[in-house]
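Structure record follows, encoded as structure tokens.
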Amino acid sequence: MNKFPIRMRASLQNDPDHTALIKVLLNHPMDTGLGKDGSGQPRPAHFITEIALSLNGQPVARVQTGSGIAADPLFGWRLKGVKAGDKVGIAWLDNQGQQQSFETTAQ
């Protein structure tokens with residue numbers, strides 16, 4: 001399913017709070033289970049149920065999602081206290097037990 005890796009950027013903002021703008025593009029079909037395939041058969045539901053954000057290996061945010069999100073979703077966060085070189089990570093889990101994670105360096 002995941003032919004393409006997660007695309008993620010952690011861009012430091014020029015402010016006294018050391019804020020970073022985190023943008024993550026997840027490659028996932030996010031299928032609701034209500035559609036049909038080419039032969040008219042129902043497609044099984046297949047969507048991300050949980051997303052976890054971390055900073056230097058420590059959990060920062062956990063988001064529970066559902067089938068109402070578009071395919072290949074783009075998420076964004078503003079995270080305070082991030083310095084150049086910090087590691088920002090993302091991980092997701094879907095309703096079929098598949099998971100993927102990725103880590104980038106704040107710049």
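Remember, predicted model here, so these are calculated numbers, not experimental data.
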Closest approach of [X] and [Y], non-hydrogen atoms and distance?
{"X": "Ile22", "Y": "Ala10", "answer": "CD1-CB, 3.6 Å"}
{"X": "Val24", "Y": "Leu26", "answer": "CG1-CD2, 3.4 Å"}
{"X": "Pro29", "Y": "Ala71", "answer": "O-CB, 3.3 Å"}
{"X": "Gly66", "Y": "Phe47", "answer": "C-CD1, 3.6 Å"}

Decide whether [X] and [Y] are clustered together by the hydrophobic rule: side chain heavy atoms of Ile, Leu, Val, Met, Phe, Trp, Tyr closer than 4.5 Å, transitively.
{"X": "Ile90", "Y": "Leu21", "result": "no"}
{"X": "Leu55", "Y": "Met8", "result": "yes"}
{"X": "Ile69", "Y": "Leu25", "result": "no"}

Would you call [X] and [Y] a side-chain contact if the rule is heavy atoms closer than 4.5 Å?
{"X": "His46", "Y": "Asp94", "value": "yes"}
{"X": "Val88", "Y": "Glu103", "value": "no"}
{"X": "Trp92", "Y": "Gln98", "value": "yes"}
{"X": "Gln100", "Y": "Ile6", "value": "yes"}

By salt bridge (Lys or Arg N to Asp or Glu O under 4.0 Å), which residues pair with [X], not counting sequence neighbours?
{"X": "Arg43", "result": "Asp31"}
{"X": "Glu50", "result": "Arg62"}
{"X": "Lys87", "result": "none"}

For this session: Scan for side-chain hydrogen bond (donor to acceptor under 3.5 Å, both in side chains) pairs involving residues 9-21, sequence neighbours excluded, and state none if there are none.
Result: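 Residue pairs passing side-chain hydrogen bond (donor to acceptor under 3.5 Å, both in side chains), neighbours aside: Asp15-Thr19.
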
Exercise. What distance do Thr49 atom OG1 and Leu93 atom CG have between them, rounded to the nearest 0.5 Å?
Worked result: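 Those atoms lie 4.5 Å apart.
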
For this session: Return the set of residues passing side-chain contact (heavy atoms from CB on, under 4.5 Å) with Ala61 (not counting sequence neighbours), or none when no residue passes.
Result: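 Testing Ala61 for side-chain contact (heavy atoms from CB on, under 4.5 Å), a comparison that skips the adjacent residues, returns Leu53.
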
For this session: Check the pair Met30 / Ile48 against side-chain contact (heavy atoms from CB on, under 4.5 Å), numbers first and verdict last.
Result: CA-CA 7 Å; Met30 299 299 287; Ile48 294 173; 3.7 Å; yes

Donor-acceptor pairs under 3.5 Å, side chain of residues 72-86 to any protein atom, not counting sequence neighbours: which ones?
{"unit_1": "Asp72", "atom_1": "OD1", "unit_2": "His28", "atom_2": "N", "d": "2.9"}
{"unit_1": "Asp86", "atom_1": "OD1", "unit_2": "Asn56", "atom_2": "ND2", "d": "3.3"}
{"unit_1": "Asp86", "atom_1": "OD2", "unit_2": "Lys83", "atom_2": "N", "d": "2.9"}

Problem set entry | Asn95 side chain to Ala45 backbone, donor-acceptor under 3.5 Å |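 Side chain of Asn95 to backbone of Ala45, a donor-acceptor pair under 3.5 Å: yes, one is there.
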
